[in-house]
Number of protein chains: 2
Amino acid sequence: MNGRSAMRLARLQDALAGGGTIHLSEAAKLCGVSEMTIRRDVAASDGAMTFLGGHLMMAANPQFAPVYDLDEQQGSHYLAKQRLCQGAASFITEGDTLFIDCGTTLMPLLGMLGEFEELTVVTYALNVANAVGALPNVRLVLLGGLYHPSSQSFGSGDMYDAVRRLGINKAFISAAGVDLERGVSCFHFHEVAPKQAALDTALYRILVVDASKLGVVRPAFFAQLEAFDVVVTDAKAAPVLNARAGGTHQPPRVMVA
Amino acid sequence: MNGRSAMRLARLQDALAGGGTIHLSEAAKLCGVSEMTIRRDVAASDGAMTFLGGHLMMAANPQFAPVYDLDEQQGSHYLAKQRLCQGAASFITEGDTLFIDCGTTLMPLLGMLGEFEELTVVTYALNVANAVGALPNVRLVLLGGLYHPSSQSFGSGDMYDAVRRLGINKAFISAAGVDLERGVSCFHFHEVAPKQAALDTALYRILVVDASKLGVVRPAFFAQLEAFDVVVTDAKAAPVLNARAGGTHQPPRVMVA
DNA sequence: AAAAAAATGTTAGAAAAATAACACTGAGTG
DNA sequence: CACTCAGTGTTATTTTTCTAACATTTTTTT
């Protein structure tokens with residue numbers, strides 16, 4: 001790679017830094033060279049940019065990452081998630097202020113928000129914010145802080161208070177583990193504060209988990225099962241969750257989606 | 001469009017709700033139909049999704065929007081911005097904590113951050129956060145709040161205090177208007193608090209503007225020109241800015257990129 | 001300035017995607 | 001039962017993208 005090639009790559013990379021794509025033909029015009037030269041530049045570079053059907057884009061951008069890979073057989077999981085979210089969505093009513101947790105479980109829910117006139121979504125996850133930010137009918141409140149790439153979410157010391165200051169109708173919480181005795185847990189400790197704040201603030205608390213999380217314990221506990229009003233889950237997990245009874249608190253209603 | 005077709009479309013749309021793409025072949029497998037049927041579904045739909053080189057994606061996602069259109073001759077503007085940012089980048093040193101303003105002016109700067117070992121970026125703009133979040137060597141602090149789609153940024157009441165709590169080395173500020181007498185201004189009032197906080201907090205304050213902003217006044221003033229240590233600008237604007245002298249405060253140094 | 005090397009342009013062919021055409025299926029109907 | 005027709009699958013054709021080969025131009029070296 002020579003100097004001019006590097007210059008062109010830098011120019012293109014900067015053009016794409018803010019997101020977006022650029023067609024090969026326009027990249028060529030922009031740099032004043034032939035399309036072939038652009039192809040060669042990109043091919044000889046460090047792989048920061050790639051072509052997708054004649055359009056140049058940042059390779060690292062998670063927006064372009066395939067959402068669904070059959071080889072990893074998330075396929076069966078996906079259908080379940082979509083059905084879970086349909087069940088969860090049935091709790092939403094016009095004008096609600098929703099807290100939406102991080103992770104991938106609740107992603108299908110966001111696609112269902114477009115059918116309402118006006119909603120407000122509170123979240124601390126970047127992927128949720130990007131999806132919601134594109135919806136014209138949904139107001140978005142993002143709780144900021146230090147970014148944690150592992151969960152695509154933000155954490156900060158005053159996250160708890162920040163959530164408490166908001167008027168949240170319904171909290172949609174996901175979890176990495178649900179144990180009847182030990183409680184509900186997730187992977188990352190910075191997720192605990194926002195989840196607990198949402199549970200303490202929201203009028204209605206909805207846990208969305210599939211059967212694969214049942215009996216699993218993860219590093220960070222954030223609540224007992226009784227802290228939720230409803231658990232939206234699948235047919236496989238429902239009987240186990242319903243067996244829970246006779247505690248000091250009212251057990252959550254189990255909804256099979 | 002029939003019922004089953006609508007079901008498939010909804011399933012795909014939900015799969016893409018959280019951002020990302022899905023290849024035609026995998027979309028076909030996911031829905032259990034042939035690729036041709038998926039094509040027909042999408043073609044007959046409302047245009048919410050499109051194909052780009054065999055990959056299905058949300059059409060509305062700005063991440064997929066062409067960044068650069070020769071017909072609108074942003075080309076000349078773009079080169080200027082890139083050179084401005086190169087000048088601005090020369091102030092960055094290893095380990096810095098940078099405040100990066102919203103807007104498009106500073107976007108090319110983000111592509112130049114990859115060359116450092118370790119940096120921290122503070123921002124209140126979603127597009128900046130997405131670009132920085134993809135950089136493994138840069139820690140990201142996003143200042144949250146209510147999302148303003150017009151500037152792709154967040155605003156909140158305690159934005160000023162939130163910025164003041166951070167140790168910011170260098171603040172890179174953009175502006176929509178610079179007037180020698182009236183001061184520096186932007187379009188949106190919610191941008192004032194974070195900009196002022198960054199100016200009050202940072203050790204070194206860098207204004208990045210091109211000549212087109214000179215003599216322009218926008219609704220929201222946020223600082224006098226003297227609040228900056230350096231103005232990075234182009235050759236056309238430099239002489240006008242240098243004419244400014246003899247005020248009560250030290251005028252900023254003018255750097256021509 | 002001539003030769004060599006590198007960079008870029010042009011063209012041709014292979015691969016993939018987009019489109020069109022036609023064939024199959026299965027539910028409903030006279 | 002034969003017929004229709006919407007829905008879908010299959011195959012063929014066109015278009016576009018990708019890759020390779022070779023020609024031309026520019027830069028560097030001797």
Side-chain angles (χ1 to χ4, degrees), chain A residues 1-16 20-61 63-71 75 79, chain B residues 1-16 20-61 63-71 75 78-79 82:
Chain A
M1 182 172 67
N2 67 69
R4 260 167 300 183
S5 171
M7 288 253 294
R8 288 192 298 267
L9 282 169
R11 181 181 300 180
L12 293 172
Q13 206 155 338
D14 293 341
L16 299 176
T21 65
I22 186 168
H23 193 271
L24 176 59
S25 60
E26 289 182 349
K29 277 193 237 169
L30 175 62
C31 296
V33 294
S34 71
E35 298 185 2
M36 196 63 227
T37 298
I38 299 292
R39 280 186 188 281
R40 280 194 271 248
D41 286 347
V42 172
S45 76
D46 57 0
M49 292 181 285
T50 44
F51 280 103
L52 198 153
H55 298 257
L56 190 64
M57 57 190 66
M58 297 303 294
N61 192 328
Q63 294 281 332
F64 303 115
V67 116
Y68 170 72
D69 200 337
L70 270 187
D71 303 336
L79 265 172
Chain B
M1 184 172 64
N2 67 67
R4 262 168 297 182
S5 171
M7 287 255 293
R8 287 192 297 268
L9 283 168
R11 182 182 298 179
L12 293 172
Q13 208 155 336
D14 292 341
L16 299 176
T21 66
I22 186 168
H23 193 270
L24 177 59
S25 61
E26 290 181 349
K29 279 193 233 170
L30 175 62
C31 296
V33 294
S34 71
E35 299 186 2
M36 196 60 227
T37 298
I38 299 292
R39 279 190 190 279
R40 280 194 270 244
D41 286 347
V42 172
S45 77
D46 56 1
M49 293 181 284
T50 44
F51 280 102
L52 199 155
H55 298 255
L56 189 64
M57 57 192 66
M58 295 305 294
N61 192 329
Q63 293 283 333
F64 304 115
V67 113
Y68 170 73
D69 200 337
L70 272 184
D71 304 334
Y78 176 71
L79 266 172
Q82 203 233 10

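Order of the sequence lines sets the chain letters (A, B, ...), proteins ahead of strands, with each chain counted from 1. Every heavy atom of this structure was used, including side-chain atoms; hydrogens, water molecules and symmetry mates were not. The shown structure was predicted, so the numbers you read here are calculated from the model rather than taken from an experiment.
In this structure, B/His23 reaches the C/dA17 phosphate: one of its side-chain N or O atoms is under 4.0 Å from OP1 or OP2.
Contact of the A/Thr37 side chain with the A/Arg8 side chain is registered, since non-hydrogen atoms from C-beta on lie closer than 4.5 Å. A heavy-atom distance below 4.5 Å is found between the side chains of B/Leu12 and B/Leu56. The shortest side-chain heavy-atom distance between B/His55 and B/Ile22 does not fall under the 4.5 Å cut-off.
In this structure, B/Arg39 places its CZ atom 12 Å from C1' of D/dT15, rounding to the nearest Å. The CG atom of A/Leu52 sits 13 Å away from the C1' atom of D/dC18 (whole-angstrom rounding). Look at CG on B/Leu24: it is 12 Å from P on D/dG9, rounded to the nearest Å. Between the C1' atom of C/dA16 and the NE2 atom of A/His55 lies a distance of 14 Å, rounded to the nearest Å. If you take CD1 of A/Ile38 and P of D/dC18, they are 13 Å apart, rounded to a whole angstrom. Atom pair B/Met7:CE and D/dG7:C1' shows a separation of 15 Å (rounding to whole Å applied).
Taking each heavy atom of A/Ser34 and A/Ala28 in turn, the nearest pair found is C-CB, 3.9 Å.
Separating the CG atom in A/Leu52 from the OG1 atom in A/Thr21 is a distance of 9.5 Å, to the nearest 0.5 Å. To the nearest 0.5 angstrom, B/Glu35 atom CD is 12.0 Å from B/Arg40 atom CZ.
No donor-acceptor pair under 3.5 Å is formed between the side chain of B/Arg11 and the backbone N or O of B/Ala27.
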List, with names and distances, any nitrogen or oxygen atoms from the protein found under 3.5 Å away from nitrogen or oxygen atoms belonging to nucleotides 23-27 of chain D.
none

Distances under 3.5 Å only, N/O to N/O: pair up the protein atoms with those of nucleotides 9-12 of chain C.
unit_1	atom_1	unit_2	atom_2	d
C/dG9	OP1	A/Ser34	N	3.4
C/dG9	OP2	A/Ser34	N	2.8
C/dG9	OP2	A/Ser34	OG	2.7
C/dG9	OP2	A/Thr37	OG1	2.5
C/dG9	N7	A/Arg40	NH2	2.8
C/dG9	O6	A/Arg40	NH1	3.4
C/dG9	O6	A/Arg40	NH2	3.3

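With sequence neighbours excluded, no residue satisfies side-chain hydrogen bond (donor to acceptor under 3.5 Å, both in side chains) with B/Thr50.
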